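Numbers restart at 1 for each chain; the letters A, B, ... are given by sequence-line order, proteins then strands. Owing to the predicted nature of the structure, the values given are computational and were not obtained by experimental measurement.
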Amino acid sequence: MSDLLQYAATGIALGSIYALVALGFVTVFAVTGAINFAQGEFVMLGAMIAAQLVHAGMPLPLAAVLAVAGAALAGAALHELGLRPALGRLSPLGLIMITIGAATAIRGMALIAWGTDPFTVPAFTPGPSLDLAGAAVNRQTVWIVATTAIVLALVWFLFQRTTTGRALRACAADLVAARLVGVDPRRMGLVSLTLSGAVGAIGGVVLAPITFASYDMGLMLGLKGFVGAVIGGLASAPGAVAGGLLLGLLEAFATPISSGYKDALAFVVLIAVMLLRPGGIFRGSFARGRI
Amino acid sequence: MTRGDVTAVGVLAALIALAPLVASGYQLSILISTGLYGIATIGLVLLVGLARQVSLGHAAFFGLGAYVSGLLATRAGISPWLTIPAGALAAMAVAYVVGRPVLRLHGHYLAMATLGLGIVFQVVLNEWVDLTRGPSGFGSIPTATLPLPIAGGETASLYLVWLAALAVLALSLWLVRSSPGRALRAIGDSEVASELLGLHTADWKLRVFTLSGAYAGLAGALYANYVTFLSPQPFGFIFSLELLVMAVVGGLASVWGGMVGAFTLVVLTETLRRSLPEWLPGSSGELELVLFGVALAAMVLLRPTGLVGLAAAGLGRARSLRAAPATAEEPLHAG
C-alpha cells in the first residue's frame with residue numbers, strides 16, 4: 001500500500017511538470033495552429049538559468065523570477081523571429097520545421113553557455129522527507145505540486161476572467177471572427193508563446209532540485225508534455241493537464257516493472273492514443289473546451 | 001529521368017571513379033559520408049518533398065539497417081555482401097509494418113509519431129543488451145571487399161558506397177518522372193483530390209514510406225560496413241533531424257537536393273569541427289546544434305526550395321519535381 005502511494009506521489013510530481021508543458025502546447029496550438037517543438041526547451045531554460053543564478057549566489061526567489069522571465073522572453077523571440085513571418089504562409093510541415101530548428105538552436109546555445117555537466121539546485125526547503133501514510137514524500141514534490149496548482153489557477157483566471165484571456169480564447173475558437181471583433185491574432189500569438197515560455201520555465205525551476213538541470217533535458221520533457229496534450233485531445237487546457245498527470249502516473253507505476261523501457265512507454269501510449277482515439281481519451285466538453 | 005539527369009549522373013560517376021587519384025584520404029572520407037547520408041536523404045526528399053509526409057524518425061531505419069547487417073555479419077558470420085541487402089530489407093520491412101498505422105496520421109501527429117518511434121528504437125538498442133550489447137556497442141564488423149585490384153580502405157569503401165548511391169539516385173530520378181512519381185506528387189498537392197481521382201492515397205503513402213525506409217536501411221548497412229563499429233548513440237533524434245536538415249537545405253523539390261544537402265552539411269560540419277577550436281578555444285562540435293537549428297529554420301523561412309532551388313533560379317530554369325509553378329517555388333507553403 002505505501003509502495004503504491006510512493007509511486008503515486010512520484011507520478012503526480014512528474015505529471016505536474018508534463019501538465020505544465022502540455023498546457024503550453026495546447027495554448028500555442030489553439031491560438032497559432034503551430035505545434036511548438038521548442039516547448040520543452042523553455043523548461044530547460046527555466047531550470048538552467050535558475051541553477052546558474054543560484055550558483056552565482058543569487059537568492060532563489062529572485063533567480064526563479066529571472067529564469068521565468070528569461071524563458072518568457074525566449075518564447076516571445078521565437079514568435080517574432082520564427083512564427084510571425086510564417087503563420088498563414090507556410091504549411092504545418094513548414095511550421096514544424098521552424099520550431100524544430102528553433103528548439104535545436106536553443107539547445108545548442110545552452111550547450112555552448114553551460115556545457116554538458118548537469119547543474120544541481122538545492123531543494124527549496126531542505127529537510128527530511130515527509131511521511132504520508134507510510135510513503136516517504138520528498139519535500140520538493142510538495143513544492144512541485146503546489147506550484148503547479150497555483151500556476152493552473154492563475155492561467156485559468158487569465159483565460160476566463162481577463163480581456164486578454166477572452167481574446168486568446170476567441171482566437172482559438174475562430175480566427176476570422178476574432179479578427180472581426182477587433183482581436184489582433186498576431187498579438188495573441190505573441191501572448192500565447194510568452195505565456196507558454198513562462199509556464200514551462202516555472203516547471204523547470206521547481207523540477208531542477210530533484211532531477212539536475214542539463215542542456216538536453218528539454219527534448220524528452222517536451223515530448224512527454226506533447227504526449228500529455230495528445231492524451232487530452234490537443235484542444236483543451238483541462239484535457240492537457242489531466243493528460244500530463246495521467247502520463248506521469250503511468251510512468252511512475254511502470255518504473256518498477258522496467259525502468260529502462262519507461263521512456264519508450266510514453267510513445268507507445270502516444271501512438272496508441274493518436275490512432276485509436278485521435279480526439280483524446282476524455283469524452284464530452286472536457287476535451288472540447290478549446291483552452 | 002531527363003537527358004540532363006542522365007548526363008549529370010554519368011559525370012558524377014566519373015568524378016567519383018577518378019576521385020581516389022587526386023583526393024586525400026580525408027577528402028575521400030567526406031565523399032563517403034556524402035554518399036551514405038545522400039542515400040538516406042534522397043529517401044526523405046521523396047517522402048517529404050514529393051508526398052509531403054514528414055518523418056522525424058529516419059535515424060531508426062538507418063540504425064536498423066546498420067544493426068541488422070552488423071549483427072548478422074559478426075554473430076552469424078554471414079558475408080557482408082548478403083548482410084548489406086539484409087539490412088536494407090529489414091528496414092524496408094519495418095517501415096512497411098509501422099507505416100501502415102502511422103501514416104494514417106497527418107501533419108504534427110505524424111511528425112510526433114515518427115519521432116516517438118525513433119526514440120523507442122533507440123531505447124530498445126540500449127536496453128536489449130543480449131542482442132545489441134547495449135550502450136557500449138560492438139565492433140570488428142567484417143568489411144565487404146570489392147573484387148577489384150585496388151588498394152583497400154577508403155577507396156574500396158568509396159566505390160561500394162557510391163555504387164549504391166548512384167543506383168539510388170538513378171532509381172529515384174527515374175521514379176519522380178514516371179507514373180508513381182506523378183501519383184505521389186498529386187498526393188503531396190492534395191490528398192483529397194488524389195483520392196477523388198482514384199488514387200489509393202494510403203497505399204501510395206505506404207509505398208514511398210517503405211522505399212525511404214529501405215534507402216535509410218541501405219545507407220545504415222553501408223555505414224556499418226564502413227565504420228565497423230556500432231553503438232546506439234549516433235542513431236538518435238539529432239541524426240533524424242540532421243537528415244531532415246540535409247533534405248531541406250539541399251532542396252525538397254528535387255532528388256538532387258538530397259545529394260547536395262548531404263554534401264553541404266557534411267562539409268560544413270567537418271569544417272566547423274576542424275576550424276572552430278581555432279576561433280573559440282576549448283569548444284568542440286557544440287556549434288553544430290545551433291547551426292543545424294538555424295539552418296533549418298532560416299532555410300524554411302527564406303528559401304523553401306533549398307540550394308538546388310537557388311541554383312535552378314540562378315540558371316533561369318526550374319529543375320523541379322513539381323509541375324505547377326506555384327508549388328514548385330514553395331514546397332512548404334500552405335495550400
Side-chain angles (χ1 to χ4, degrees), chain A residues 25 29 33-35 37-38 78 81-83 85-113 115-116 215-216 219-220 223 226-227 230 234 258-272 274-276 278, chain B residues 48 52-54 56 98 101-102 104-124 126-129 134 236-238 241-242 244-245 248 252 280 283 285-302 304 330-335:
Chain A
F25 268 116
F29 182 61
I35 290 293
F37 277 73
L78 171 57
L81 298 175
L83 289 180
L87 286 175
R89 192 168 68 91
L90 293 190
S91 63
L93 194 59
L95 293 178
I96 289 171
M97 290 183 188
I98 288 172
T99 62
I100 291 178
T104 313
I106 293 173
R107 201 176 311 134
M109 286 187 259
L111 179 61
I112 293 170
T116 50
Y215 82 98
D216 60 353
L219 177 64
M220 207 42 113
L223 295 173
F226 180 80
V227 177
V230 167
L234 203 57
S258 167
S259 66
Y261 284 103
K262 188 191 69 171
D263 281 341
L265 176 75
F267 299 101
V268 176
V269 171
L270 171 74
I271 293 166
M274 289 195 299
L275 290 173
L276 304 175
Chain B
V48 183
R52 293 201 186 160
Q53 307 297 311
V54 72
L56 292 177
V98 301
V102 163
R104 279 163 47 198
L105 303 168
H106 296 267
H108 330 289
Y109 292 98
L110 181 62
M112 281 292 187
T114 49
L115 203 171
L117 285 173
I119 288 177
V120 170
F121 173 76
Q122 208 185 16
V123 169
V124 172
N126 274 312
E127 297 297 321
W128 196 350
V129 178
F237 172 64
I238 300 295
L241 182 71
E242 224 177 307
L244 192 65
V245 174
V248 171
L252 286 173
L280 278 169
S283 70
E286 294 161 356
L287 264 185
E288 257 174 77
L289 273 180
V290 181
L291 174 86
F292 286 156
V294 171
L296 181 64
M299 217 62 190
V300 169
L301 273 174
L302 307 174
E330 313 285 7
L332 293 170
H333 264 207

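- Side-chain contact between A:Ile100 and B:Leu241 is present, with heavy atoms from C-beta onward closer than 4.5 Å.
- Of all heavy-atom pairs spanning B:Val300 and A:Gly94, the tightest one is CG1-O, 3.6 Å.
- For A:Ile35, the parts sitting under 4.5 Å from any heavy atom of chain B are the backbone and the side chain alike.
- Looking at B:Phe237, the atoms closer than 4.5 Å to chain A (heavy atoms on both sides) all sit in the side chain, from C-beta outward.
- Tested against A:Met97, the residues B:Val48, B:Leu56, B:Leu301 include a single side chain to side chain contact (heavy atoms under 4.5 Å, CB included) partner, B:Val48.
- Between A:Leu223 and B:Met112, the shortest heavy-atom contact is CD2-SD, 3.8 Å.
- Ranked by heavy-atom pairs under 4.5 Å with chain A, the list B:Ala113, B:Ala111, B:Gly293 is led by B:Gly293.
- Here A:Ala264 is the residue among A:Ala264, A:Ala86, A:Ala266 with the most heavy-atom pairs under 4.5 Å with chain B.
- For B:Glu242, the side chain to side chain donor-acceptor pair (under 3.5 Å) test picks out no residue, with sequence neighbours left out.
- Contacts of B:Leu115 with chain A are made by side-chain atoms alone, with heavy-atom separations under 4.5 Å and no backbone atom involved.
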Please lay out, stage by stage, how A:Tyr261 and B:Val124 fare under the test side-chain contact (heavy atoms from CB on, under 4.5 Å).
CA-CA 7 Å; A:Tyr261 284 103; B:Val124 172; 4.0 Å; yes
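- A search for side-chain contact (heavy atoms from CB on, under 4.5 Å) contacts involving B:Val294 returns A:Ala105, B:Val290, not counting sequence neighbours.
- Here CG of A:Leu219 is found 5.5 Å from CD1 of B:Ile119. Values are rounded to the nearest 0.5 Å.
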